[in-house]
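Worksheet for the structure shown next.
All heavy atoms count here, side chains included; hydrogens, waters and symmetry mates do not.
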Amino acid sequence: MDFATQPKRRPAEAILPMINVVFLLLIFFLMTARIAPRAPFELHPPETTLETLGEGTDTLFLSADGVLFHGGLEEAEIWVVLADHDGPLTLRADAGLSAVTFAQVLGRLNEIGIERVDLSMVPR
């Protein structure tokens with residue numbers, strides 16, 4: 001019979017507090033990190049409400065294919081009518097419209113003397 005004392009087992013180290021500290025550090029770094037770069041200046045995105053559409057302004061419609069429509073007229077007839085237009089013009093463009101076509105229409109509106117264009121995007 002061996003009555004020698006058995007070596008004491010070391011108590012298991014508590015790992016739970018270490019896990020808690022790691023998660024707290026993770027949360028701290030996520031909260032203080034800069035996820036997206038800041039804008040170099042303050043931006044004000046455009047806003048629209050249904051009340052602002054059609055307040056006595058003419059509306060020019062522009063499809064995703066670049067087809068214009070204004071007051072029952074299409075394409076070439078529109079530019080003749082808009083040349084005599086006074087006041088702001090509301091441009092309702094399809095959201096799928098290419099930027100090149102949009103820029104061309106805005107350039108042409110500027111050429112015929114329309115200085116103010118209010119933009120209203122039509123969702124797809």
Practice item. May I have the step-by-step check of side chain to side chain contact (heavy atoms under 4.5 Å, CB included) for L60 and L68, ending in yes or no? Key: CA-CA 7 Å; L60 176 66; L68 293 169; 4.1 Å; yes
**Study point:** Evaluation steps, side chain to side chain contact (heavy atoms under 4.5 Å, CB included), between H70 and T59
**Key:** CA-CA 6 Å; H70 178 266; T59 303; 5.8 Å; no
Review point. Atom CZ in F69, atom CD in E77: separation rounded to 0.5 Å?
Key: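 Answer for the CZ-CD pair, F69 versus E77, is 10.5 Å.
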Check your understanding: Do L91 and D118 have side-chain heavy atoms sitting under 4.5 Å apart?
Key -> no
Point to revise | L30: side chain to side chain contact (heavy atoms under 4.5 Å, CB included) partners, not counting sequence neighbours | key: L26
Check your understanding: Among all residues two or more places apart in sequence or in another chain, which pass the side chain to side chain contact (heavy atoms under 4.5 Å, CB included) test with D65?
Key ->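 Here the qualifying residues are S63, V67.
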Practice item. Check L97 against A64 and note the closest heavy-atom contact, atom names and distance. Key: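 So the minimum-distance heavy-atom pair works out to CD1-O, 3.9 Å.
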Check your understanding: When clusters are formed from ILVMFWY side-chain contacts under 4.5 Å, directly or step by step, what else is grouped with F29?
Key ->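 Via sub-4.5 Å side-chain contacts, F29 links to V21, L25, F28.
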Review point. If you group Ile, Leu, Val, Met, Phe, Trp and Tyr whenever their side-chain heavy atoms sit less than 4.5 Å apart, what else falls in with M31?
Key: I27
Please table the atom pairs, donor to acceptor, closer than 3.5 Å between any side-chain atom in residues 101-109 and protein atoms at least two apart or in another chain.
residue: T101; atom: OG1; partner: S98; partner atom: OG; Å: 2.8

